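First listed ligand is number 1; within each ligand, the first listed atom is number 1. In this chain, numbering begins with 1 at the start of the sequence shown. Because the structure is predicted, anything quoted here is derived from the model rather than measured.
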Amino acid sequence: MTTVPDTAPGTANPLIAPTAEGHRRVLTGDRPTGPLHLGHYFGTLQNRVQLQLQDIELMIVIADYQVITDRDRADRVAEHAENLVLDYLAAGVDPDRATIFTHSAVPALNQLMLPFLSLISVAELSRNPTVKDEITHSRQAAVSGLMFTYPVHQAADLLFCKADLVPVGQDQLPHLEITRTIARRFNDRYTPLFPEPQALLSEAPLLLGIDAGKMSKSRGNAITLGADEDETARLLRGAVTDNDRHISYDPATRSGVSNLVLLIALCQGRDPHAVAEEIGSGGAARLKRTATEAVNEHLRPLRARRTELAADRALLREVLHSGNARANAIADRTLAEVRTAMGTF
Ligand code: TRP
């Protein structure tokens with residue numbers, strides 16, 4: 001797996017030379033199951049905005065068909081999708097240059113999944129550790145065919161638009177490996193059509209939830225981008241710390257304290273050790289106050305834009321409509337190429 005290094009948060013990403021065609025296209029996505037939180041923001045959202053500032057074409061899939069991988073119904077999916085658009089725009093994604101679209105609105109994308117399924121074995125699908133983990137945490141009584149095969153659908157997300165870069169978290173790497181395998185096999189078996197996309201991993205260490213576990217919408221331990229300043233203060237006051245008054249950055253042995261130090265460092269674009277040293281023996285109370293101020297200050301412009309944009313639901317829907325139209329045009333073109341390559345009608 002090739003990864004392209006990222007720089008510290010808040011600094012420009014010294015990317016990545018353009019391809020021979022002088023063009024790079026990035027695709028990434030989110031499931032519309034709830035609002036985005038600080039983990040998404042520092043993990044991929046900031047990266048997406050930075051890439052766009054460097055004139056790299058940005059595609060974002062709102063993966064509505066992935067919602068029904070680990071649950072029976074997609075509740076309030078249209079509302080969640082609109083709110084994702086809201087979070088993207090508030091974070092600085094430019095809707096005039098980015099293509100934001102939903103799975104369910106792009107039929108040709110789903111049609112590509114079928115030949116792609118023929119290029120990967122059941123054994124290869126069974127080995128995917130991310131799918132295994134999701135099956136363990138699933139609320140469903142039985143594992144559906146979609147749970148098992150959605151990484152191939154995700155391959156279609158990347159291949160229909162021939163994306164060459166994917167800003168994602170570690171957990172998505174097995175899916176990306178499946179995508180690369182499918183691209184390679186298609187190119188070998190038929191005609192070379194697809195680039196093998198590369199992961200763009202954030203260098204920022206993983207931000208945990210306020211309980212020092214994995215930050216997640218469904219675990220109630222996340223600070224969402226849209227949370228107001230009081231809610232942010234309340235959540236951070238309840239964060240897990242320890243009894244040692246001396247604050248240090250030591251993620252392996254002091255996960256709760258170190259996570260708050262990291263949060264401050266990410267918000268302020270600083271080194272976590274320097275942040276810890278500055279707080280010194282101020283204890284957990286000072287650490288939490290500093291974290292609250294850092295988050296609220298860093299997110300203030302984003303949240304102000306978010307409040308303004310939230311009043312214009314028609315605009316959010318329009319961004320999705322035009323994104324879907326663009327994604328359909330690209331997917332139809334790729335499907336036509338695939339048909340020609342395979343010699344079908
Ligand atoms: N699986 C991703 C998640 O759960 C969402 C996603 C769907 C995605 N299609 C993608 C990510 C393509 C990167 C590329 O968050």
Side-chain angles (χ1 to χ4, degrees), residues 1 3-4 24-37 39-45 47-48 51 56-71 74 77 80-81 83-85 87-88 93 98-106 109-110 112-113 116 125 128-135 137-138 146-183 194-202 206-207 214-219 222 323-324 327 330-331 334:
M1 176 70 51
T3 58
V4 184
R24 303 221 75 158
R25 180 179 273 165
V26 164
L27 181 132
T28 184
D30 302 288
R31 295 181 184 185
T33 52
L36 295 182
H37 52 61
H40 297 114
Y41 178 73
F42 289 113
T44 108
L45 201 46
N47 248 342
R48 299 179 196 177
L51 289 163
I56 290 175
E57 186 185 348
L58 180 61
M59 313 269 303
I60 305 181
V61 58
I62 296 182
D64 52 357
Y65 276 147
Q66 277 191 17
V67 174
I68 45 173
T69 51
D70 66 349
R71 61 196 83 190
V77 72
H80 287 317
N83 285 334
L84 283 180
V85 177
D87 284 335
Y88 300 148
V93 170
T99 302
I100 304 174
F101 66 99
T102 51
H103 269 156
S104 59
V106 187
L109 188 164
N110 301 314
L112 287 169
M113 185 178 176
F116 290 168
L125 290 174
N128 185 313
T130 299
V131 170
K132 280 190 194 163
D133 185 60
E134 281 175 295
I135 289 172
H137 290 101
S138 167
L146 183 63
M147 168 63 99
F148 199 57
T149 52
Y150 88 81
V152 182
H153 192 239
Q154 186 155 324
D157 296 345
L158 288 156
L159 298 182
F160 95 88
C161 64
K162 303 183 183 173
D164 36 31
L165 282 177
V166 198
V168 282
Q170 290 279 352
D171 65 320
Q172 298 294 305
L173 294 183
H175 300 348
L176 193 54
E177 212 38 64
I178 286 180
T179 302
R180 292 162 60 88
T181 302
I182 289 172
F194 297 112
E196 284 180 48
Q198 295 178 11
L200 181 61
L201 288 173
S202 166
L206 193 68
L207 196 61
K214 178 180 171 2
M215 191 184 287
S216 151
K217 297 165 196 159
S218 52
R219 297 188 195 180
N324 284 337
I330 299 170
T334 303

A.B. asks: Aromatic contact between Phe160 and Phe194, with the criterion being ring centroids under 6.0 Å apart: yes or no?
C.D. replies: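 For Phe160 and Phe194, the ring centres are not under 6.0 Å apart.
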
A.B. asks: My understanding is that only residues two or more places apart in sequence, or in another chain, count here; which of them pass ring pair (Phe, Tyr, Trp, His ring centres under 6.0 Å) with Tyr88?
C.D. replies: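 Result, ring pair (Phe, Tyr, Trp, His ring centres under 6.0 Å) vs Tyr88: none returned.
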
A.B. asks: Taking the side chain as everything from C-beta on, heavy atoms only, tell me whether Gln172 gets closer than 4.5 Å to Thr28.
C.D. replies: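 Not in contact.
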
A.B. asks: Among residues at least two apart in sequence or on other chains, which ones pass side chain to side chain donor-acceptor pair (under 3.5 Å) with Thr44?
C.D. replies: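 Partners of Thr44 under the side chain to side chain donor-acceptor pair (under 3.5 Å) test: Arg48.
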
A.B. asks: I'd like a table of the close N/O pairs between ligand 1 and the protein (anything under 3.5 Å), one pair per line with both atom names and the distance.
C.D. replies:
unit_1   : atom_1 : unit_2 : atom_2 : d
ligand 1 : 1 (N)  : Gln66  : OE1    : 3.0
ligand 1 : 1 (N)  : Gln154 : OE1    : 3.0
ligand 1 : 1 (N)  : Gln172 : OE1    : 3.0
ligand 1 : 4 (O)  : Arg31  : NE     : 3.2
ligand 1 : 9 (N)  : Asp157 : OD2    : 2.6

A.B. asks: Under the side chain to side chain contact (heavy atoms under 4.5 Å, CB included) criterion, do Val85 and Val93 qualify, and how do the steps go?
C.D. replies: CA-CA 9 Å; Val85 177; Val93 170; over 6 Å; no

A.B. asks: Return the set of residues passing side chain to side chain contact (heavy atoms under 4.5 Å, CB included) with Thr33 (not counting sequence neighbours), or none when no residue passes.
C.D. replies: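 Scan of Thr33 (side chain to side chain contact (heavy atoms under 4.5 Å, CB included), adjacent residues dropped) gives Arg31, Val67, Arg71, Lys217.
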
